[in-house]
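Residue numbering restarts at 1 for every chain, and letters A, B, ... go by the order of the sequence lines. Every value quoted in this text rests on a predicted model; they were computed, and no experiment measured them.
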Amino acid sequence: MSIVSSIQKNVTAGLSALYNQSITEKDFQINQTKPEFEGDYTIVMFALVKSLKQSPDSIGNQLGGYLIKTYPELFSNFNIIKGFLNLSVTNTFWTNLLQKNYANAGYGRKEKNGKKVMVEYASPNTNKPLHLGHLRNIFLGWSVAEIYKANGYEVIKTCIVNDRGIHICKSMIAWQKYANGATPQSTGIKGDHLVGDYYVRFENDLKAESQVLINKINLGDLCDFSGVALEKLDKLLIALTKLDEIKDEEKIAKLHDEIKEIARNNTSVMAEAKQMLLDWEEGKPAVIDLWKKMNGWVYEGFDITYKRIGTDFDKIYYESKTYLLGKYIVQQGLDKTVFFKKEDGSIWIDLTADGLDEKLVQRKDGTSVYITQDIGLALQKYEEYKIDSSIYVIGNEQNYHMKVLQLICKKLGMANADNIFHLSYGMVELTTGKMKSREGTVVDADDIVDEMIATSQMHTEELGKVKDFTVEELKDLYDTIGLGAMKFYLLRVDPKKTMVFNAEESIDFHGFTGPFVQYTHARIKSILRKEPLANNQQALTSSNLLKLEKELIVILEQYPEAIEQAAIEHNPSIIAMYVFNLAKTFNSFYTEHSIANAETGNKKQLRLQLAVMTANTLNSGMELLGTRVPERM
RNA sequence: GACUUGGUAGCUCAGCUGGAUAGAGCAUCAGCCUUCUAAGCUGAGGGUCAUUGGUUCGAAUCCAAUCCAGGUCACCA
């Protein structure tokens with residue numbers, strides 16, 4: 001049990017003994033005492049004044065007196081300042097805590113709780129390489145998985161590959177046109193990048209062709225259009241002439257976007273892509289073969305990246321397989337009247353009673369939409385692994401989609417539908433604005449990883465501390481530091497929030513960064529190589545603890561709580577902040593006090609234990625962030 | 001327009017289930033390496049917590065309104 005909960009318990013017991021009133025733990029708060037006051041933990045008396053009908057100081061005095069009398073092994077002293085009861089914890093408590101846990105590598109981690117959770121992350125499309133946004137997603141998913149493991153869950157890491165759809169057809173069309181049979185082998189280009197290049201090629205063609213159409217439309221020439229598209233265009237153009245007078249720029253831009261969309265859909269290249277999608281669904285061998293070939297290149301490319309950044313999956317799902325299950329479930333749901341069919345044959349669910357709209361789950365031509373396969377997959381996950389809960393690491397632009405998905409699962413009677421959790425994370429923006437693939441401002445994952453590793457190499461060489469390392473050891477160290485910096489940078493921010501990626505800041509290895517934490521660890525290991533801690537040490541007599549010694553133990557005591565909180569909030573940044581705080585405190589301690597030349601043998605022993613426990617905890621915490629810590633750097 | 005998320009130091013972020021004088025890192029300035037790794041440490045300056053009102057012993061935190069910014073509202077995925 002954490003010290004705060006012990007105090008909570010003791011205070012509740014004390015209050016009921018003193019006042020014969022049942023005060024619960026929610027009726028008062030325990031905070032850490034501010035450094036300018038004496039004491040370790042503070043209880044605010046004001047909250048109790050009303051129910052106990054006494055002055056804050058009087059309650060404080062009685063409660064403080066009771067606590068040190070009743071729990072002398074825990075509390076040594078108290079004082080009251082302006083209604084705040086400050087409690088001092090005995091040195092014995094702190095040294096005992098240190099003695100008990102310093103050598104425990106699993107400190108802070110919980111026993112298995114028998115529950116299974118699935119974490120879905122990464123989930124890329126197979127038409128272009130991974131970018132910075134994917135990295136945030138992947139690091140988050142991995143870290144949350146580790147954090148859940150540390151909390152006693154059995155975790156299954158999974159990934160749904162969006163390998164089917166118009167996007168991959170676009171790459172295929174452009175490849176057929178321009179590639180002359182080029183392959184990753186023949187060009188030396190990583191598979192995912194090669195396929196991505198042809199996707200860009202397609203988009204360029206599409207842009208050029210649609211621009212011609214837009215120009216004609218702007219001149220009032222609609223001869224390229226017919227049917228529904230023509231009708232829509234007519235309406236848009238009329239709306240535009242009206243708005244020109246009002247000068248609502250936002251609305252005008254919106255209308256122009258709609259025109260652009262119609263133009264894009266009316267191009268010959270788009271028609272080719274759509275035809276290819278139909279051919280794919282019909283299973284035309286030539287299309288399927290090409291699809292398999294190009295997807296294969298992408299997977300090879302992804303695998304290289306995954307391996308490099310140290311991520312993997314226990315199970316990979318493919319959309320090309322799950323969509324059929326989705327359609328099957330939609331049929332079943334139709335029989336159960338969860339869904340209903342419209343006259344044109346399309347299938348919908350009515351969510352208006354839940355404050356949402358009607359949502360299409362299957363097109364009139366019988367093909368599945370995005371949510372169809374998600375329904376199938378959600379069910380399949382539960383049936384295949386008998387999981388208790390399911391975490392989806394997906395960007396916040398899909399909040400609505402996930403809300404709908406969860407609701408549908410519930411209506412279909414899925415047992416654990418309430419335990420679907422959407423870990424909704426914010427976009428990664430650049431200092432120059434948003435990343436937009438169409439404008440080529442996307443930061444490529446492989447590039448940025450290269451850059452981070454190169455930077456770590458540069459710094460390491462400049463400092464020249466590991467000149468005796470072998471080539472392999474050096475390479476491993478550069479990877480450890482470069483990736484450590486990268487992961488820490490992306491994980492140190494609350495996942496929910498949009499974050500700004502500052503290229504200059506990201507390669508800074510000082511301050512609130514991964515390398516700072518890694519450095520602290522290496523520093524401790526260096527001491528321990530010279531001053532190994534003997535195993536069979538007698539119990540320490542709890543002499544006076546210095547301020548920084550105690551501060552370190554106090555922070556170490558909070559680690560289990562941090563692990564727990566990180567899981568509750570699905571938030572690795574709690575661990576990042578914790579580990580930084582611990583490293584910072586150790587560094588202050590390190591410069592103030594010598595370990596090797598401590599004043600007494602007893603002190604040396606205590607400080608070595610502190611060093612060992614700090615190193616263990618830094619290692620453990622960084623592991624939860626998917627990051628290694630080096631022995632030397 | 002509806003729904004939703006955010007606005008805290010020059011920049012990037014903590015703090016938000018109400019508590020004492022609002023914190024880090026970067027950047028700026030001033031110091032510290034013949035003793036355990038200076039990727040470190042110490043100190044200084046830097047704030048109308050978007051604005052206004054309310055709730056109360058006490059508000060960055062809760063409530064309301066307003067302003068600003070992002071996201072969603074597809075028979076795309």
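In the interface, the side chain of A:Asp344 is paired with the base of B:rC75 through a donor and an acceptor atom under 3.5 Å apart. Judged by atom type and distance alone, A:Asn86 reaches the base of B:rA20 through a side-chain donor-acceptor pair under 3.5 Å.
Using a 4.0 Å heavy-atom distance criterion, A:Ala47 is classed as a base contact. Across all strands, A:Asn399 comes closer than 4.0 Å to no nucleic acid atom at all (heavy-atom distances). Counting any heavy atom pair closer than 4.0 Å across all strands shown, A:Phe516 reaches sugar-phosphate atoms only and no base atom. Within the 4.0 angstrom heavy-atom criterion, no nucleotide atom of any strand lies near A:Met427.
Summarising the base pairing, B:rC26 is matched to B:rG10 through a Watson-Crick or G-U wobble pair whose two defining distances lie under 3.5 Å. Judged by Watson-Crick or G-U wobble contacts below 3.5 Å, the nucleotide B:rC32 has B:rG40 as its partner. Nucleotide B:rA64 forms a pair with B:rU52, judged by Watson-Crick or G-U wobble geometry with both contacts under 3.5 Å.
Whole-Å rounding puts the A:Leu48 CG to B:rG58 C1' distance at 15 Å. Per the geometry, CE belonging to A:Met402 stands 16 Å off P belonging to B:rA77, to the nearest Å.
Looking only at atom types and distance, the side chain of A:Asn86 has a donor-acceptor partner in the side chain of A:Thr42 under 3.5 Å away.
In this structure, the nucleotide among B:rU37, B:rG25, B:rA14 sitting nearest to the side chain of A:Lys497 is B:rA14. Distances from the side chain of A:Tyr370 to the nucleotides B:rG19, B:rC36, B:rA77 place B:rA77 closest. The side chain of A:Asn597 approaches B:rU35 more closely than any other nucleotide in the set B:rG19, B:rU35, B:rA77.
Between A:Tyr370 and A:His401, the two ring planes are parallel [angle under 30°; tilted spans 30° to 60°].
Residues A:Lys584 and A:Glu551 are not paired through a salt bridge, judged by the lack of any N-O separation under 4.0 Å between the basic side chain and the carboxylate.
Under the stacking definition used here (centres under 5.5 Å, planes under 30°), the residue A:Phe84 qualifies as stacked on the base of B:rA20.
Checked against the 6.0 Å centroid criterion, the rings of A:Phe202 and A:Tyr199 do not qualify as a close aromatic pair.
B:rC33: glycosidic angle within 90° of 0, hence syn.
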